[in-house]
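This chain uses plain numbering: 1 for the first residue, then up along the sequence.
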Amino acid sequence: MLLNTTIEGLKTLRLDAMAAALAEQHQQAAYAGLGFEERLGLLVDRELTERSSRRMERCLKTARLRTPATIEDIDFRHPRGLNRAQILTLAQAHWADNHHAIVITGPTGAGKTYLACALAHAAIRNGHTALYLRAPRMFDDLAIARADGRLSRLMAAWARIGVLIIDDLLLRPLTGDQAADLLEVVEDRARLRATIITSQLPVSHWHEAIGDPTIADAALDRLLENANRIELAGESMRRAADGTRPRQADSAKAPAPSPEAGRS
């Protein structure tokens, strides 16, 4: 009777994992030899583990990561300039704790999005929230929000996110409004939140692609301060994975194509 009352009390306190663990202890004789503090410690551990698991599940759902990537699944064997030591250090998420940025550049198919999602996943594991945005749609969302009066609310919601992933930035030069919007997003996060940016365009060309020199200066000053840079290179991993002939990552550096290069 006392056990049932205790279990119901734990449930009332929303300690459901502890309640389930206590019932298991009562049913299994192996726990009888443990002392009170040991058994209590096991109950607390169960509750903490369950809460951590539920939090992780909620944060991953909210983050809407493009791919379910993890640090453990990153392929370091593929030759693309990926530094294992750097990635494993970033996996500890100190950059997110310190509100720094990560800038990942490289050709299409090099694994930028996967790497960004894996680093965001690592940050979520370490207690941060995250949100994935693809840059072209981000600018569309901002334009729509401006038109229907939701802009300030949308910007405020993004500003609260611990790690904001902006994927495929600067696929094309920005308009004046898009450049101004980018500055506002970056300004809201500078030294306050962490950001991951991916782009096919090398950082040295970002200023020109943003357009307005004053806005570009301000945005890049805030974004690149204390940024961790990852520059990928090499052949497309997607083409390598499906067995097709890999496309050269940088046409400026690629050798002359063979006669068969244009055949399917």
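Contact annotation: the side chain of L182 approaches that of F139 to within less than 4.5 Å [non-hydrogen atoms, C-beta and beyond]. Residues L42 and L34 have side chains in contact (heavy-atom distance under 4.5 Å, counting atoms from C-beta outward). Between I215 and L174, every side-chain heavy-atom pair lies at or beyond the 4.5 Å cut-off. Here the side chains of H121 and I71 are not in contact, with every heavy-atom distance at 4.5 Å or above. Side-chain contact between L142 and L151 is present, with heavy atoms from C-beta onward closer than 4.5 Å. Between L164 and L133 the shortest side-chain heavy-atom distance falls below 4.5 Å. Using a 4.5 Å heavy-atom threshold, the side chains of H207 and D217 count as touching. At least one side-chain heavy atom of R222 sits less than 4.5 Å from a side-chain heavy atom of L183.
Contact detail for A122 and A91: the closest heavy-atom pair is CB-O, 3.5 Å. Residues P173 and Q178 come closest through the heavy atom pair O-OE1, 4.3 Å. Of all the heavy atoms in A130 and A120, the pair that sits closest is CB-CB, 4.4 Å. Shortest non-hydrogen contact noted between M155 and E184 is CE-CB, 3.3 Å.
Annotation: the span from N228 atom CG to L90 atom CG amounts to 5.0 Å, rounded to 0.5 Å. Distance CD1/I165 to CG/L131: 6.5 Å, rounded to 0.5 Å. Atom CD1 of I124 sits about 6.0 Å away from atom CE of M56, to the nearest 0.5 Å. How far OH of Y114 is from CG of L232: 13.5 Å, rounded to the nearest 0.5 Å. Note: R125 CZ to Q92 CD = 12.5 Å, rounded to the nearest 0.5 Å. Taking OG1 of T129 as the start and CD1 of I161 as the end, the distance is 4.5 Å to the nearest 0.5 Å.
Judged by distance alone, with hydrogens and angles left aside, the side-chain atoms of S199 form no donor-acceptor pair with the main-chain N or O of T105 at under 3.5 Å. Judged purely by atom type and a 3.5 angstrom limit, N98 uses its side chain to pair as donor or acceptor with the backbone of H94. Under a 3.5 Å cut-off, the side chain of R229 and the backbone N or O of V103 do not form any donor-acceptor pair.
Sparse packing is recorded around CD of E208, with 12 or fewer heavy atoms of other residues, nucleotides or ligands lying under 6.0 Å away. Applying the 6.0 Å contact sphere to CZ of R66 captures no more than 12 heavy atoms from other residues, nucleotides or ligands. Environment of CZ in R137: sparse, with no more than 12 heavy atoms of neighbouring residues, nucleotides or ligands closer than 6.0 Å. Environment of CD in E57: sparse, with no more than 12 heavy atoms of neighbouring residues, nucleotides or ligands closer than 6.0 Å. At most 12 heavy atoms of other shown residues, nucleotides or ligands fall within 6.0 angstrom of atom CD in E37. Counted within 6.0 Å of CZ on R54, heavy atoms from surrounding residues, nucleotides or ligands total more than 12; the atom is thus considered enclosed. Within a 6.0 Å radius of CD in Q200, more than 12 heavy atoms belonging to other residues, nucleotides or ligands are found.
Linking Ile, Leu, Val, Met, Phe, Trp and Tyr whenever their side-chain heavy atoms come within less than 4.5 Å leaves L171 and W206 in two separate clusters. By the criterion of side-chain heavy atoms lying less than 4.5 angstrom apart, applied directly or through intervening Ile, Leu, Val, Met, Phe, Trp or Tyr residues, L154 is not grouped with I144; the two fall into different hydrophobic clusters. Criterion: ILVMFWY side-chain heavy atoms under 4.5 Å apart, direct or through other members. Under it, I87 and I197 are not part of a common hydrophobic cluster. Linking Ile, Leu, Val, Met, Phe, Trp and Tyr whenever their side-chain heavy atoms come within less than 4.5 Å puts V203 and V186 in one cluster.
Salt bridge status for D181 with R146: present, with a side-chain N to carboxylate O gap under 4.0 Å.
Screening residues 154-169 for side chain to side chain donor-acceptor pair (under 3.5 Å), with sequence neighbours left out, gives T113-D167, Y132-D167, R134-D168, D167-T198. Applying the side chain to side chain donor-acceptor pair (under 3.5 Å) rule to pairs touching residues 8-18 yields nothing, sequence neighbours excluded.
No option in V163, I166, L115, I230 other than V163 meets the side chain to side chain contact (heavy atoms under 4.5 Å, CB included) test with I196.
In this structure, the side-chain contact (heavy atoms from CB on, under 4.5 Å) partners of N226, at least two apart in sequence or on a different chain, are H100.
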